[in-house]
Amino acid sequence: MFGFGHPAADDRRAAEQAAIDQAKRICKVELAKMHEASPEEAERLGKWLKDRCGQDKALPFDFKRKLLERARLYECNANMRAADRALHVALRLAAEEHMTERAAKLGEGRKYFSKACSLGAGDDFRKAGQRLIENIMMTGGVQHKGPTRAKPGDFAPRAPNRAKT
């Protein structure tokens, strides 16, 4: 006759609750690590949390749902930060006429930008990122040193200033 008030059943319930609380604590610690992580680290931690929630049937459904939503948000934020950083570096490199480095940073920025968009980045970020990419593509690569066919050098002799004689 196991039921409420029986010591064996109460001990088993307490042990199960302690195991659930310990699993929740571990998940929350890993989630806290995602807050300021790099995109690669955030993706790895998000995958680990998703696997953990899939395997552990004892965790409550609402806890799992909220945890995975927050993990997705943190992963999206990490990708947004990395995309913004890479695109601004690419814009600076384009202004300085370093076209090969600009192309590498632009590719990196586009990768993080698309990952952030697939994770649910807001419309403001999408529009700002697209404008920044367009600006980077239009900046640099057209400035020429010295005379060109369109703008030949000035080889005519200077006229003397006759007003001061």
Side-chain angles (χ1 to χ4, degrees), residues 2-141:
F2 293 102
F4 290 104
H6 195 276
D10 291 341
D11 290 343
R12 188 176 44 131
R13 271 190 234 105
E16 288 172 358
Q17 188 59 39
I20 290 171
D21 291 341
Q22 179 66 19
K24 283 182 178 181
R25 253 191 313 277
I26 290 171
C27 289
K28 287 178 182 178
V29 166
E30 294 300 316
L31 183 67
K33 289 179 187 177
M34 284 182 75
H35 189 63
E36 293 295 325
S38 68
E40 292 80 15
E41 183 73 11
E43 184 177 1
R44 186 187 66 76
L45 289 170
K47 187 176 185 305
W48 184 87
L49 285 171
K50 189 173 183 179
D51 291 343
R52 176 73 188 239
C53 287
Q55 292 172 355
D56 198 349
K57 303 296 182 202
L59 288 173
F61 177 76
D62 289 338
F63 176 79
K64 290 181 194 180
R65 185 178 50 79
K66 288 178 184 176
L67 181 80
L68 293 178
E69 283 176 7
R70 185 62 56 98
R72 185 177 174 99
L73 175 71
Y74 287 169
E75 187 177 351
C76 179
N77 287 341
N79 281 289
M80 287 168 58
R81 283 192 311 269
D84 188 55
R85 194 175 311 116
L87 290 175
H88 277 90
V89 169
L91 184 61
R92 184 182 50 80
L93 290 170
E96 294 172 358
E97 297 289 324
H98 300 294
M99 302 311 281
T100 55
E101 293 92 352
R102 178 206 80 164
K105 280 296 182 183
L106 181 60
E108 180 183 339
R110 281 182 171 163
K111 180 183 83 169
Y112 291 132
F113 177 75
S114 65
K115 184 74 173 173
C117 289
S118 69
L119 289 169
D123 287 338
D124 291 341
F125 175 77
R126 290 174 194 243
K127 290 176 184 174
Q130 288 169 349
R131 281 193 308 270
L132 189 54
I133 289 171
E134 289 172 5
N135 285 340
I136 292 167
M137 294 302 293
M138 291 189 285
T139 302

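Since the model is a prediction, treat every value here as computed from it, not as a measurement.
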(request) Start with the C-alpha gap between Leu93 and Val89, add the side-chain angles, then the distance that decides, and say whether side-chain contact (heavy atoms from CB on, under 4.5 Å) holds. (result) CA-CA 6 Å; Leu93 290 170; Val89 169; 4.0 Å; yes

(request) In plain terms, say whether Lys47 and Asp51 are close enough for a salt bridge, that is, a side-chain N and a carboxylate O under 4.0 Å apart. (result)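 Answer for the salt bridge query: yes.
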
(message) One thing to verify: whether Arg81 and Asp84 come together as a salt bridge, which I'm taking to mean a side-chain N less than 4.0 angstrom from a carboxylate O.
(response) no

(request) Using only heavy-atom distances, determine whether the side chains of Asn79 and Glu75 contain a donor-acceptor pair under 3.5 Å. (result)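 Their side chains do not contain a donor-acceptor pair, so the 3.5 Å distance test is not met.
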
Is the shortest side-chain heavy-atom distance between [X] and [Y] below 4.5 Å?
X      : Y      : result
Ile26  : Arg52  : yes
Leu106 : Met137 : yes
Arg131 : Lys127 : yes
Arg70  : Leu67  : no

Please name the pair of heavy atoms, one in [X] and one in [Y], separated by the smallest distance, quoted to 0.1 Å.
X      : Y      : value
Ala23  : Asp56  : CB-OD2, 3.5 Å
Ala83  : Gly109 : CB-O, 3.8 Å
Ala71  : Leu49  : CB-CD1, 4.1 Å
Ala90  : Lys105 : CB-CB, 3.8 Å
Leu59  : Ile20  : CD2-O, 4.1 Å
Arg110 : Ile133 : NH2-CG2, 3.5 Å

Interatomic spacing from [atom1] in [X] to [atom2] in [Y] - rounded to 0.5 Å:
X      : Y      : atom1 : atom2 : result
Glu134 : Thr139 : CD    : OG1   : 11.0 Å
Cys117 : Asp123 : SG    : CG    : 9.0 Å
Leu91  : Met138 : CG    : CE    : 10.5 Å

(message) With a 3.5 Å distance limit and no angle check, can you tell me whether Arg102 reaches the backbone of Ile136 through a side-chain donor-acceptor pair?
(response) yes

(request) Check whether any side-chain N or O of Arg126 sits under 3.5 Å from a backbone N or O of Ala121 as a donor-acceptor pair, and report yes or no. (result) yes

(request) Might you work through the side-chain contact (heavy atoms from CB on, under 4.5 Å) test for Cys53 and Phe63, ending with a clear yes or no? (result) CA-CA 9 Å; Cys53 287; Phe63 176 79; 5.7 Å; no

(request) Test salt bridge (Lys or Arg N to Asp or Glu O under 4.0 Å) on Arg92 and Glu96 and set out the steps. (result) CA-CA 6 Å; Arg92 184 182 50 80; Glu96 294 172 358; 3.5 Å; yes

(request) Step through the shown structure and confirm whether more than 12 heavy atoms of other residues, nucleotides or ligands are within 6.0 Å of NZ on Lys64. (result)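 Enclosed.
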
(request) Return the set of residues passing ring-ring contact (aromatic ring centres under 6.0 Å, His included) with Phe125 (not counting sequence neighbours), or none when no residue passes. (result) Phe113

Could you go through residues 31-39 and list every donor-acceptor pair under 3.5 Å that involves a side-chain atom there, pairing it with any protein atom two or more places apart or in another chain?
from, atom 1, to, atom 2, distance (Å)
Lys33, NZ, Glu30, OE2, 3.2
Ser38, OG, Glu41, N, 3.3

